[in-house]
Every structure is written in C-alpha cells, then in structure tokens.
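Naming convention: chains lettered A, B, ... in sequence-line order (proteins, then strands); numbering from 1 in each chain.
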Number of protein chains: 2
Amino acid sequence: MSDIAKQAGVSRQAVYLHFNSRAELLIAATHHLDDINGSPERLIASRIATTGTERLATYITAWSGYLPDIYGMAKAFLAMQDSDEAVAMAWRARMQDMKEGCAAAINALAHDRRLSPHYTPDQATDILWTMLSVRNWEQLTVDCDWSHDQYTAAMIQMARDMFVIDGA
Amino acid sequence: MSDIAKQAGVSRQAVYLHFNSRAELLIAATHHLDDINGSPERLIASRIATTGTERLATYITAWSGYLPDIYGMAKAFLAMQDSDEAVAMAWRARMQDMKEGCAAAINALAHDRRLSPHYTPDQATDILWTMLSVRNWEQLTVDCDWSHDQYTAAMIQMARDMFVIDGA
DNA sequence: TATTTACTTAACACAGTGTCAATTGACAGG
DNA sequence: CCTGTCAATTGACACTGTGTTAAGTAAATA
C-alpha cells in the first residue's frame, strides 16, 4: 500500500479514502485493466469458429494472447487469495468464466463426435482448464523459459493429441 | 508460530531455541516427514520398469501416491516461497528432483523410439513436469472433486495420448 | 464569503516475526 | 550438599504492514 501510494504521488492514508482495503483496490484495478484493454471479450471471439477442432485452437490462441496481459494482476490475486476471502472469490469467478470457454470448446468437439472416448466432456473440460492455468503458463514460460509461440503451439498440440480423434 | 508452539505445548519463544526462523522450521519439518515415511525413495522405485511406456505409468502412479502425503507441506512451501528465498530454494530443489524423474521416464520412451515427434525430450519433460504439478493435483482433486484414482488414470491416459506413439 | 472536497500530517490499534534479558526447575558430577 | 549446565519460562521490546482516526489545510464551488 505504501509503494502504491508513493507511485500515485499521494500519502498512504489517502489510498484508503478511495479503496477500503488492499483487496478492494486490487479488485478495482482488474476492472480498470479490463476496461482499458477490453480483455475478456477477446476470449469470446473464439466462439465464431465452426468446427470443434478449430474452436479449441482459436480458444487456446486467444487465451494465450490474453495471459501475458493479466499475468501481473493474476499473480497478485494468487498471492492474496489465501489471506483474503473476497479476493479468492473474485479470482474463482474469473477462472470459472474461463472454464466456461473451455467447456464450450470441448462441447463443440463432442458435438462433432470428435471428442476422445477416453474422457467425458466434463473431464476433458477439467483437464483443459487445468492445463491452461496461469500457474502452468508461468511455469512453462518463466521456469522452463518457453517463448509465447512455443507455449501456444504446445498447448494446441496437446489438446489435439488428447481430445481430438480422427473424423470417420 | 504461536499455533505451532501451542500444539507443541511450549512457549512461542521456545520454538526459536530450536529453529532460527519460520522458514527453517518448515524445512526441518519436511526433512522429518521424509524420514518417517521414506517418501522420496518411492519415486525412484519406478526406475526398475523396463520399457519407456511402463516407466511413464509407474512414475505417474508413484507420484500420485506420494502427492497426498506431501500436500500439506507443499501448500506451506508454496505460500511462503514469495516471502522467503530459502523456502523458495528448498522447494525449487525438490521440484527439480521430481523433474529428473519425469526426464528419466521421457528419455526411456525416447530410447524406445516411442516418443511422439511433436516434442523434443526436453519439451516433453517440461510438459509432463508441469502437468504433474502440485497445483494441478490440487485443482483437479479439490476444485474439480476428482478421486485419487481418477486423477492417476487421467494423468496416465494423458501422458500416453500426448507422448507415446504406436510401436512399429 | 462560506462550504465542500480532496488531501495532508500525525498518531494509534493490532497482528505477526524475531530478539533479548532475567529467572526458574531439573538433573548430573564432584 | 553444592554447583554448573541446560532447557524452558515470563515479559519486554523492535520492526513491518494493514487499517483507523482526528485535526488541519488549500483549492475549487456556490
């Protein structure tokens, strides 16, 4: 809070005149970030793809483009969610939205009868959702030093290998 | 620290007579936990498997049996690693060991010429390592409410789908 | 001119980690 | 029995960080 106040050029206490708590400030900051770069809409764009396979790829591509933009905020959310219930809830809601995108892509695939029989649509959604988590992106790009393109390509390849069976 | 002292039936200050800091106590606790249930050795057992495919499956099974035992400690490590460099290092070292196990399984697969051409052994290792992370286990078992067996089966299936190609 | 608004400084409460000094009780050896 | 040592005790303190409160100020607004 001190650092933020310093950056903003106001006193530490003045921050509390605008936001009641650190958690509230963090949540307001995400809303602001969403406003200035219209982020969540980008993920919906993938829904225009017609086949399930395409949809899976476009969704992964969209997510992978979106991730670097929200990574800073995400890290703050992840760090605070253990100590603040409101932050945890806001983060869960956001990740739940993202899961819906996964579910939509998997369901499109199932509708095309191209979903692997090894998984139910729910299981496939859970796996895809987990695979695309911010932590995993962080691990691959930061710890394993993957480039953005490597990440995107590998996630698409992986989703294909696991979930898509050849058309009859 | 207060809670731990209370549980141990000593004063809060007495804990500092044995461990210089919260981080040191946490690290000592893991060593103790390893001693009493000989945990890391379990992961090495998978190395007796002969073929790469078998090795992949036994390693995943071993890791999946090991995970619930260390989950409590792991959570403490993950929560502290942002604020304490010593904790972060200890955790990284441990995860690096686990990564070696992944690499061994992937390399055995590559040796058998059964590794998918979509990935280099390093890439496959990174992906497997990421896929088997504690966070992912937590997400699937806690958030998605998967059973232990479901988790194990899905991870094995996933590794097969992604990494193993049919023998010639 | 009077009021409102946004902000200031300065102080405080509270929780948590880590430190320090003085004290106590038990136990072992001479 | 006395003495030294060891482990633990109580009680105090320093420091960081969040959040609150009170009193005051400077500029815009009515």
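Put simply, CG on A/Leu17 is 14 Å from P on D/dA22, counting in whole angstrom units. Rounded to whole angstrom, the span from the CZ atom of A/Phe19 across to the C1' atom of D/dG19 amounts to 16 Å. Between A/Asp84 atom CG and D/dG17 atom C1' there is a gap of 15 Å when expressed in whole angstrom units. Taking atom CG on A/Asn20 and atom C1' on D/dT21, their separation rounds to 14 Å, with Å as the unit. In this structure, A/Met1 places its CE atom 13 Å from C1' of D/dT20, rounding to the nearest Å.
Below 30°, between 30° and 60°, or above 60°: for B/Tyr151 and B/Trp137 the angle between ring planes is above 60°, a perpendicular geometry. Ring pair A/Phe77/A/Trp91 is tilted by interplanar angle, where 30° to 60° counts as tilted.
In this structure, the side chain of A/Asp84 does not engage the main chain of A/Ala23 through any donor-acceptor pair within 3.5 Å.
Summarising the geometry, atom OG belonging to B/Ser133 is positioned 6.0 Å from atom CD belonging to A/Gln139; distances are rounded to the nearest 0.5 Å. In this structure, B/Thr53 OG1 and B/Leu115 CG are separated by 10.5 Å, a value rounded to the nearest 0.5 Å.
In terms of position on DNA chain C, the residue among A/Gln13 and A/His18 whose nearest nucleotide sits closer to the 5' end is A/His18.
For the residue pair A/His148 / A/Ser64, a side-chain donor-acceptor distance below 3.5 Å is found, with atom types taken as modelled.
Within a 6.0 Å sphere centred on CD of B/Gln7, heavy atoms belonging to other residues, nucleotides or ligands number 12 at most.
Defining each end axis of the helix from C/dT1-D/dA30 to C/dG30-D/dC1 as the rotation carrying four pairs' C1' atoms onto the next four, with five pairs an end, the two axes are found to diverge by 20° to 10 degrees.
With a heavy-atom cut-off of 4.0 Å to chain B, the contacted part of DNA chain C has its first and last nucleotide at C/dT17 to C/dC20.
The salt bridge (Lys or Arg N to Asp or Glu O under 4.0 Å) analysis of residues 14-38 of chain B, with sequence neighbours excluded, yields the pairs B/Asp34-B/Arg94.
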